[in-house]
Each structure stands twice: as structure tokens, then as C-alpha cells.
Engineer: 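Please find one structure pasted underneath; my questions will follow.
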Amino acid sequence: MALPSQILYPGAQQRPQATAHLAQTMSLLGLNAQELNARIEAALAENPALELLEGRHCPSCGRTLRSGASCQACTQAKAQGDEPLVFLAPTDSGFSAEGRSGEELPEDYTGAQPETLGTYVLRQIATELDPLEQEIAAHILTGLDEDGLLTFPLLEVARYHHVPLVVVEEVVQRIQQADPLGVASSSPTEALLVQLKSLGNQAPNAELCAKAIREGMTMLGKRQYAELGNLLGVSKAKAEQIADFITQNLSPYPARAHWGNLGTPNADAPSTYSRPDIAIRQQEDQRLVVEVMWPLRGLLRVNPLFQQALREAPEDKAEQWKLDLEQANLLIKCLAQRNHTIVRLMQILAVLQRHFITAGDAYLKPITRASIADELGVHESTISRAVSGKSVQLPSGKIVPLSQFFDRSLHIRTALKQIIRAETQEGKTYSDTKLARLLEQQGFAIARRTVAKYRMMENIEPAHMRKAQAA
DNA sequence: CTATGGCACGGATT
DNA sequence: AATCCGTGCCATAG
């Protein structure tokens, strides 16, 4: 059954379910992977007709899936010419209609991506460990998910190798010091703390940072700087500074963001603390690969046994069960459509913002959600919901909110920072008025007052302060 | 007098 | 209908 939205919308009167369907699709679209996960878990708990296959096999190709990731090999859709590949999440058995038009991938993906992270880390530390420790390390490293976090408790490892927990913990500590710093932590919080600690006194306000990470993670994620300031007992501006430092220098998912190249000149752009909902990477042949995350470890479907049971249902339950079944089908259908919408959105965005994705902030084109809605033939609010709350990981490793793809001024702000960075090297300081003129030469006609706004957005001090700083 | 930040308005966007 | 954004005007600091 194909499920193009065009068919569902006009048919609303004929299908009494359609309004419910629409309402639910919309509410799901606004959720990010994390929230969706919670939503589905709730549904699983209260609806007996739903079933989660934990086996994590792709319904179409049977490959084993790695946790949380989409099934890359079988659900890819290869667009023609210049367009990027889009890898989808595996959809539910009956509704994998979208995005499967492409031919099979030539190379074997499970082969192309072996346990590189694990072996990479092990190679670094192998010499420091004795044979038993090596074995333990190997055991631990095979248990990493693709974020570089641990998937099982250390106690399990200890029991398996018949050693006290301390020994395992010690090995973990060594691993955490290896290259993706903080790898093999059991939570994003722990990973951040490890990284912070290794920075030592290079980190200003180390204690405050640590406290922010330990107790203020939710605030960090939501950017509630005022609340964070309260927690730490500092001003909002200070809290913002701390959050900035953390986002720029630490990575909650060690295996994801690049840790190595600290030297990136434009070391800002906010990053979100939730796991990305979408990941974009670039292949050697320059093409972009967009991966939409599936929030569950497993396959959600209607329990076939439940369907059977319905036929022999006792009178008093029959009504309720039928309802459950409808609900379950609806949920699955809506999930499929949610995916569909996000994928179509990303297909357009990947083409439109290719330069931004590959080359950085300066190349962001100002586009509006409305224009995308127009192009896709959906309502503006659909795009709004699809964008809100989602985060994307760029090929550079940065995790940014999807809404940044629609930032109207990021490219100008980047140019502004560029000018100011050069300015300090030449020993000059430009006033806002001069900055406005300089930007105009680059083709950005903005008012002097706006320059000031942008400066503040980027936490750049006014001209006279910068002058003092340079001296 | 110059450089900035605050406030608020109007138009665009969501 | 609510929110965001660029700007102009005005007060204040240097």
C-alpha cells in the first residue's frame, strides 16, 4: 500500500479515520527521536496489539541492525545525478513504501564499516595492558554503540571474566583516555566529565562546568541559561559562557563529533545535547549521505497473534480489542508518514544547503520554511513541525539544530566574525558603523544597529572593549 | 560628539 | 494568532 499524502487529504470525508490520522501524524511529526521513543514506549505499554521485535533485523533484507541506526543497505534510495543518497530508517513491515526506489548498494555496507572504532581504540592502548586487561578491553569495546557509549553494565563484564569490578573500571578509565576522549563512558554526562577532567586547568571555571554537566544537563540541552545560572549561582551571561565552552570543546557522544581538530577557526555554532535525529556524512565521491534515525531498537509492528485472537475474542472484550488494533495500525501508519515527510524535507535541504553542509556556516543560504512547504506541496505548519526540536549531525561532526538550516543571518554573522578576527590581527578595531560599511562591501547591506545585534548574538564585545583586550 | 545598548514598532515568518 | 527579526529613535556612557 502506497501512502502518498495527496490521497489521504482529499479523501477525508470518505475515511472517518483520516482526521484522526492527520491529527496523529502531525503530533508525531513535531517530536524528535527521543520524544518519539517515549511516545512509542507508552503506546507499547498500553496497547496489546503492538509488538516490538527486539531482534533488530531489517524486515526486508534480514541484516542485523546496529543499535538505533537505520538499516542502511536495504532502505536506501538513490537519487539521480547530483542529488544525495538518502538512507531511511527501516519502516514497519507493511509500510515500507517510501524511499526504496533505488537499486541495491554495490558494496556490502556491513563489510565497509567493521568495528573500526573498537580496534582503533584498542590499538592505542594495547601496549599498556596485560593480556587479561586486553581481553577485558576488547570485550568492552565491542559493546560500544555508534555514539561511543557503553551499552551494558560493567558488572556484567566483571562477572564474565571473573575479576573484581575495580579491575574493569580501571581498564575503562584507560580506554576513556584514548582518542575519542571519553569513549566507553556509560552516559553522555560521564563522557563530558571525563573530557573536562582531561582538559585540566586549560578549562576556565572547571568546577562550574562540572557542576553544570552533572546537574544541569537538561538545562544545557534546552539552553535555559537563566535557570542554569541559578543552579550555579552565577549570572545568566556567565552561565551562557560556560554552556558555550562546553558545547564548543566537549562532546557528549565521543564517537560522533570530531574531537581531534581543535584548530577549527570558527569554533562556534551551538550544538545540541540530544542525540541527532538526522546524520549527514560525505562519501569519497562527494555525495552526501543522509541518515534519518529510527528511535527504537527493534521493529514495531502489529502483533499477528493479536489479530488472530481478535476473532475468538470474548464478547465483552471484542470492542476494546478492535479499538486497540485500529489504534496500533494507525500509529504505525503515522510513523511511516512522519518518516516520509522528514525524508522529503531532507532531500530538498541537502540539495539546497549542500555548501552549508560541506563547507560551513558561511555558505548557509537564507531560506524559509514556507518556500520548502511550497516546493513539497504541504502546509507550512507541516514543515515547521518537521523542523522543530530536531537536530542534525553534519559531516564535520557538529550537531546543530535543524532549524539552523533556516537561519536568516548566519552567513552574515560568519562574515562579521571573519572581519573581526582579521581585525585583531591587524591591530585595528572597527566600530559598528565601520563594520556595517565593510559588510556592505561584501554585499551584505545591513544597518549599523543590526551589526550590534549580531555582535551580541555571537558574544563579541563592543569595539572599545576589544581594543583594551588587544593591548 | 561618537559609539552602544534599550525599547518598541512593523513587517515577515512560523 | 504568536513569534521573530531588522531597524529607527532616544538615552546614556565615554
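Proteins come first, then strands; the chains are lettered A, B, ... in the order of their sequence lines, and each starts at number 1.
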Engineer: So what does Ser388(A) touch, heavy atoms closer than 4.0 Å: a base, only the sugar-phosphate, or nothing?
Structural biologist: nothing
Engineer: Ring pair (Phe, Tyr, Trp, His ring centres under 6.0 Å): which pairs involve residues 400-432 of chain A, sequence neighbours left out?
Structural biologist: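 Output for this query lists Phe356(A)-Phe405(A), His411(A)-Phe444(A).
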Engineer: Which protein N or O atoms sit under 3.5 Å from an N or O of nucleotides 8-11 of chain B?
Structural biologist:
none

Engineer: Could you give the NE2-to-C1' distance, from His464(A) to dT4(B), as a whole number of Å?
Structural biologist: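 About 8 Å, once rounded to whole Å.
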Engineer: Between Ile460(A) (CD1) and dT4(B) (C1'), how many Å, whole number?
Structural biologist: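 Going from Ile460(A) (CD1) to dT4(B) (C1'), I get 15 Å.
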Engineer: Students often get this wrong, so: under 4.0 angstrom with heavy atoms, is Arg369(A) touching a base, only sugar-phosphate, or nothing?
Structural biologist: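 Sugar-phosphate, backbone atoms only, no base.
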Engineer: Provide the start and end nucleotides, 5' to 3', of the part of DNA chain C that has atoms under 4.0 Å from heavy atoms of chain A.
Structural biologist: dC5(C) to dC9(C)
Engineer: Please check: side-chain N/O of Asn205(A) versus main-chain N/O of Leu208(A), any donor-acceptor pairing under 3.5 Å?
Structural biologist: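 Checking the backbone N and O of Leu208(A) against the side chain of Asn205(A), no donor-acceptor pair under 3.5 Å is found.
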Engineer: Of Ser371(A) and Asp432(A), whose closest DNA chain B nucleotide lies nearer the 5' terminus?
Structural biologist: Asp432(A)
Engineer: In whole Å, I'd like the distance from the CD atom of Gln404(A) to the P atom of dT13(B).
Structural biologist: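 About 19 Å, once rounded to whole Å.
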Engineer: Give the rounded distance in Å between these two atoms: CE of Met456(A) and P of dA3(B).
Structural biologist: 17 Å
Engineer: Please examine the side chains of Ile213(A) and Leu196(A), heavy atoms only from C-beta on, and report whether any two atoms are closer than 4.5 Å.
Structural biologist: yes
Engineer: For Phe406(A) and dT13(B), what is the distance between atoms CZ and C1' respectively, to the nearest whole Å?
Structural biologist: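 So the CZ-C1' distance, Phe406(A) to dT13(B), works out to 12 Å.
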Engineer: Taking the nucleotide of DNA chain C with the nearest heavy atom to each, does Arg448(A) or Met457(A) sit closer to the 5' end?
Structural biologist: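 Going by which nucleotide is closer to the 5' end, it is Met457(A).
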Engineer: Which of the following nucleotides, dC7(B), dA3(B), dT14(B), is nearest to the side chain of Thr368(A)?
Structural biologist: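 For Thr368(A), the side-chain atoms sit closest to dT14(B).
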Engineer: Does Tyr454(A) reach a base, just sugar-phosphate, or nothing at all? Heavy atoms under 4.0 Å.
Structural biologist: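 Sugar-phosphate: the residue Tyr454(A), judged by heavy atoms under 4.0 Å, touches backbone atoms but no base.
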Engineer: May I ask you to check whether Asn303(A) and Gln307(A) show a side-chain donor-acceptor distance below 3.5 Å?
Structural biologist: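 Not at all, the side chains of Asn303(A) and Gln307(A) share no donor-acceptor pair under 3.5 Å.
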Engineer: Quick one: does Glu458(A)'s side chain get under 4.5 Å of Leu416(A)'s, heavy atoms only?
Structural biologist: no
Engineer: Would you say Arg385(A) places a side-chain N or O within less than 4.0 Å of OP1 or OP2 belonging to dT14(B)?
Structural biologist: no
Engineer: So, taking the atom named CD in Glu423(A) and the one named NZ in Lys428(A), what distance separates them when rounded to the nearest 0.5 Å?
Structural biologist: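 Answer for the CD-NZ pair, Glu423(A) versus Lys428(A), is 9.5 Å.
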Engineer: How close or far is atom C1' of dT4(B) from atom CZ of Arg455(A), stated in whole angstroms?
Structural biologist: 7 Å
Engineer: Side chains of Glu190(A) and Gln176(A): do they bring a donor and an acceptor to under 3.5 Å?
Structural biologist: yes
Engineer: Is the backbone of Ser251(A) close enough, under 3.5 Å, to the side chain of Gln195(A) for a donor and an acceptor to pair up by distance?
Structural biologist: yes
Engineer: May I ask you to decide if Leu28(A)'s main-chain N or O and Arg338(A)'s side chain share a donor-acceptor pair within less than 3.5 Å?
Structural biologist: yes
